[in-house]
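See structure below.
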Amino acid sequence: MPDTPLMPIPGHVDPVTVTRAITPRADGRADLIGLTREQIAELFAEAGLDAKQARLRAKQVFHWLYHRGATSFEAMTDIAKTMRPWLEERFVIGRPEVIEAQHSTDGTRKWLLRTADGHDFEMVFIPDADRGTLCVSSQVGCTLNCRFCHTGTMKLVRNLTPGEIVGQVMLARDALGEWPKGKMDFAEEESEAEYTADGRLLTNIVMMGMGEPLYNFDNVRDALAIVMHGDGLALSKRRITLSTSGVVPMMARCGEEIGVNLAVSLHAVTKPVRDEIVPLNKKFGIEQLLQACADYPGASNARRITFEYVMLDGINDSDDDARELVRLLKAYKLPAKVNLIPFNPWPGAPYQCSSPERVRAFSNIVFEGGISAPVRTPRGRDIDAACGQLRTAAEKKSRAERDREAAAAQASG
Ligand code: SAH
Ligand code: SF4
């Protein structure tokens, strides 16, 4: 397997993502997954089809790939038999490789996936009575080192490509057997209701897996465009939530260009505490972050912003913290709901979860302040699939090891 050079670690406080070319496939064929209809048409034209043919074939192939979940060109029955080997020779229909699939006792499923160039990442599916949520990763690792997050102890290897991001949703549909079996006529619009009310398991997507999605903005945007496309995976933007640790400069673009629901990992209401547990706070402070939330395009009382708040024993869980949280959200007139997340432990984590009584007291204060503050039930803890537990063994490095490397990189300029 070809090896991909590792991305440099940009540092704790001022992380920027570094784009890195993906190692090309050894057989020279191009992977179509992750490409838009226009990009597919361009490739077909480059490979020799005239413009009109290229557009028509691209429309058919796009539909087969993303709407029907075809995994071979042979399955594309409305494409001429002679055309299918032509496609086969030049293109592939990629999926991330499944290395391991685990099932929790509570029904949560976790998949360990591998990119074509050999990097491991994870996705999680959480079934509930009335919905099923797929938790999608945006990066292999994360640059942001939040102190309570296991992914933050990984070295960032690289951004996932649009194909690797949309590929997760496609794999989940494969695993759940949920591709629409409907009619062949793809010119006809299928209504959103068909995707939500017919007993489908996968109804919602959260960009809450490994990585900070707003530091991989273009790829996340392009992948979600395919997920939301009516002739693609056709999931409504109302059923997709992107979670950010607070990359303020990208938030307006997120609302404008992606248009999904926003979740913000707030986790603390004072500068010293947030600086410690979400180091990005040193760059974009609480006030700046809340102002960006107030300005978030599309936020309203009907589409409230979710504030995630991890409950850390003795760190951020006092009555005063709860009151300050209410005050802040009101001061910025935010259409907000708060999601209290019991801290999920991992080996060597420097924190403990607040007691259930403390979590309840905190929730009550926020609720009495007029803001809904449900406590999220931890799911999939037995297979390390819960929030903040994702971390792939292949990229294991200790924090100390990583700090040393970062210092060495800085010293060498
Ligand atoms: N990077 C993005 C999205 C991925 S993390 C972000 O930080 O928002 C998804 C959520 O899980 C975030 O709210 C994150 O703060 C939370 N989380 C991380 N580690 C956790 C842990 N150990 N226990 C509970 N929640 C955790
Ligand atoms: Fe990265 Fe989110 Fe984990 Fe922070 S909480 S280290 S931003 S994945």
Side-chain angles (χ1 to χ4, degrees), residues 9-13 15 17 121-124 126 133-157 159-160 165 168 205-217 220 240-248 250-251 254 260-268 273-284 289 293 305-313 315-317 337-354 359 375-381 384-392 395 399 402:
I9 310 165
H12 288 198
V13 183
T17 46
F121 61 106
E122 294 179 321
M123 75 171 182
V124 177
I126 308 137
T133 307
L134 187 71
C135 183
V136 171
S137 290
S138 55
Q139 301 181 308
V140 181
C142 187
T143 46
L144 288 177
N145 320 113
C146 299
R147 290 269 290 163
F148 48 83
C149 174
H150 208 192
T151 308
T153 68
M154 277 177 71
K155 190 182 174 97
L156 176 71
V157 178
N159 288 332
L160 292 174
I165 297 168
Q168 294 172 62
I205 291 180
V206 291
M207 295 301 302
M208 294 188 187
M210 294 164 74
E212 167 50 58
L214 294 189
Y215 274 133
N216 186 14
F217 185 85
V220 167
I240 303 176
T241 300
L242 182 148
S243 175
T244 180
S245 55
V247 184
V248 168
M250 300 308 290
M251 284 169 57
C254 176
V260 294
N261 302 318
L262 184 69
V264 172
S265 297
L266 189 60
H267 303 318
V273 178
R274 197 162 191 270
D275 277 356
E276 182 196 321
I277 66 178
V278 184
L280 185 65
N281 194 64
K282 294 179 194 155
K283 193 163 166 59
F284 309 116
L289 175 58
C293 291
I305 294 173
T306 304
F307 289 89
E308 295 158 287
Y309 200 97
V310 63
M311 298 300 293
L312 303 174
D313 185 31
I315 304 285
N316 63 355
D317 62 351
K337 56 189 168 193
V338 172
N339 222 324
L340 299 177
I341 317 176
F343 169 65
N344 292 307
W346 39 271
Y351 303 112
Q352 279 176 341
C353 185
S354 314
V359 177
V375 181
R376 192 186 285 174
T377 316
R379 298 290 301 270
R381 273 186 178 178
D384 284 345
C387 305
Q389 292 186 315
L390 304 185
R391 178 181 201 250
T392 47
E395 319 290 354
R399 188 177 293 272
R402 221 186 18 186

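In each ligand, atom 1 is the first atom listed, and ligand 1 is the first ligand listed.
Taking every non-hydrogen atom of Ile341 and a distance limit under 4.0 Å, the qualifying atoms of ligand 1 come out as 24 (C), 25 (N). Near His267, the atoms of ligand 1 lying under 4.0 angstrom from a non-hydrogen atom of the residue are 13 (O), 14 (C), 15 (O). Against a heavy-atom cut-off of under 4.0 Å, Gly209 is close to the following atoms of ligand 1: 4 (C). Atoms of ligand 1 lying under 4.0 Å from at least one heavy atom of Cys149, given by number and element, are 18 (C), 19 (N). Atoms of ligand 1 lying under 4.0 Å from at least one heavy atom of Trp346, given by number and element, are 22 (N). Residue-ligand proximity, Thr244 to ligand 1, at heavy-atom distances under 4.0 Å covers atoms 6 (C), 8 (O).
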| message | What verdict does the side chain to side chain contact (heavy atoms under 4.5 Å, CB included) test give for Thr241 and Thr133, after you've listed the backbone C-alpha separation in whole Å, the side-chain angles of each residue and the deciding distance to 0.1 Å? | response | CA-CA 10 Å; Thr241 300; Thr133 307; over 6 Å; no

| task | Go through Trp346 and Asp384 one step at a time and tell me if the side chain to side chain contact (heavy atoms under 4.5 Å, CB included) criterion holds. | result | CA-CA 8 Å; Trp346 39 271; Asp384 284 345; over 6 Å; no

| Does the pair Met207 and Ile165 meet the rule for a side chain to side chain contact (heavy atoms under 4.5 Å, CB included), with working shown? | CA-CA 10 Å; Met207 295 301 302; Ile165 297 168; 4.2 Å; yes

| said: Set out, in order, the CA-CA distance, both residues' side-chain angles and the distance that settles side chain to side chain contact (heavy atoms under 4.5 Å, CB included) for Met123 and Val136, then state yes or no. | reply: CA-CA 5 Å; Met123 75 171 182; Val136 171; 5.7 Å; no

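Nearest residue to atom 2 (C) of ligand 1 from Ser243, Pro345, Ser137 is Ser243 (criterion: closest heavy atom). Of the options Cys135, Cys353, Cys387, Ser265, the smallest heavy-atom separation from atom 13 (O) of ligand 1 is shown by Ser265.
Between the side chain of Asn216 and the main chain of Leu160, a donor-acceptor pair closer than 3.5 Å is present. Using a distance-only test at 3.5 Å, with no hydrogens or angles considered, a donor-acceptor pair links the side chain of Asn261 to the main chain of Ile240. Remark: side-chain polar atoms of Ser137 are paired, donor with acceptor, to backbone N or O of Met210 under 3.5 angstrom. Proximity of a side-chain donor or acceptor of His267 to a complementary backbone N or O of Arg274 within less than 3.5 Å is not detected. Of the possible donor and acceptor atoms, none in the side chain of Asp317 sits under 3.5 Å from a partner among the backbone N and O of Val359. For the pair Asn344 (side chain) and Cys387 (backbone), a donor-acceptor distance under 3.5 Å is present.
Residue Ala268 comes nearest to Ile277 through the heavy atom pair CB-CD1, 4.1 Å, listed as atom of the first residue, atom of the second, then distance.
In this structure, His150 has no heavy atom closer than 4.0 Å to ligand 1. Remark: distances from the non-hydrogen atoms of Gly211 to ligand 1 include one below 4.0 Å.
Among protein heavy atoms, the minimum distance from atom 9 (C) of ligand 1 is reached at Met208 O, 3.6 Å. With hydrogens left out, the protein atom closest to atom 19 (N) of ligand 1 is Gly388 CA, 2.9 Å, a heavy atom.
When each of Thr377, Leu312, Val375, Val310 is paired with Pro342, the side chain to side chain contact (heavy atoms under 4.5 Å, CB included) condition holds for Val375 and for no other.
Between Tyr351 and Phe343, the angle of the ring planes goes over 60°, which puts this pair in the perpendicular group of the 30/60° scheme.
Proximity of Glu308 to ligand 1, defined as any heavy-atom pair under 4.0 Å, is confined to the side chain (atoms from C-beta onward). Contact annotation: for Met210 versus ligand 1, there are no heavy atoms closer than 4.0 Å. Residue contacts with ligand 1 for Asn344 involve both N, CA, C or O and side-chain atoms from C-beta outward (heavy atoms, distance under 4.0 Å).
For ligand 1, none of its N or O atoms has an N or O atom of Val310 under 3.5 Å away.
Side-chain contact annotation: Thr244 with Glu212, donor-acceptor N/O pair under 3.5 Å present.
Annotation: protein N, O or S atoms under 2.8 Å of atom 1 (Fe) of ligand 2 (waters excluded) comprise Cys142 SG.
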